[in-house]
Asker: 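My structure is below; once you've seen it, I'll send some questions.
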Amino acid sequence: MTDAVARDPGLQPERTALAWSRTSFAVAINALLVLREGLISGTTSLVAASVVLFAGAATILAVGWRRRRALAVAAAPLPLPLPMAWTVLGATLLACAAATWSILVSTPW
């Protein structure tokens with residue numbers, strides 16, 4: 001039964017890298033949208049939020065790169081360290097909050 005579920009270490013690092021890249025790209029797109037809205041509306045806090053989001057996107061990309069390298073040399077699946085997971089979760093939630101905030105700021109009530 002062990003042979004039936006043999007791990008293919010060649011594909012997991014690539015899938016992991018793609019997933020981290022997609023997440024980083026999504027956060028970066030949110031940062032661009034928030035930056036655009038901040039520049040159009042003249043809201044300095046939105047511009048500052050976009051800078052934080054760009055930093056979060058870069059962090060997520062760096063974590064993904066490090067994770068890919070760790071998985072490529074590991075003989076067995078490695079769990080994601082908890083601080084990395086919390087960092088990515090925080091950056092993703094920040095992107096969602098900033099995007100929602102920019103929508104609320106730009107919507108004429």
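In this text the structure is predicted, and so the values were computed from the model without any measurement.
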Asker: Is it true that Val34 and Leu94 fall in one hydrophobic cluster, defined by side-chain heavy atoms closer than 4.5 Å?
Answerer: yes
Asker: Going by side-chain contact (heavy atoms from CB on, under 4.5 Å), name the residues that satisfy it together with Leu93, two or more places apart in sequence or in a different chain.
Answerer: Leu89
Asker: Run the side-chain donor-acceptor check on residues 43-59: report pairs under 3.5 Å with partners two or more places apart or on a different chain.
Answerer:
residue : atom : partner : partner atom : Å
Thr43   : OG1  : Ser41   : OG           : 2.8
Ser50   : OG   : Val47   : O            : 2.6
Thr59   : OG1  : Ala55   : O            : 2.9

Asker: I'd like to know if the side chain of Ser24 and the backbone of Trp20 have a donor-acceptor N/O pair within less than 3.5 Å.
Answerer: no
Asker: Please report the closest heavy-atom contact between Ser21 and Leu61, naming both atoms and the distance.
Answerer: OG-CD1, 4.2 Å
Asker: About how many Å separate CZ of Phe25 and CG of Asn30, when rounded to the nearest 0.5 Å?
Answerer: 10.5 Å
Asker: Who else is in Ile40's hydrophobic cluster (ILVMFWY, side-chain heavy atoms under 4.5 Å, direct or via others)?
Answerer: none
Asker: Roughly how far, to the nearest 0.5 Å, is the CG atom of Leu39 from the CG atom of Leu35?
Answerer: 4.5 Å
Asker: If you round to the nearest 0.5 Å, how far is CD of Glu37 from CG of Leu32?
Answerer: 13.5 Å
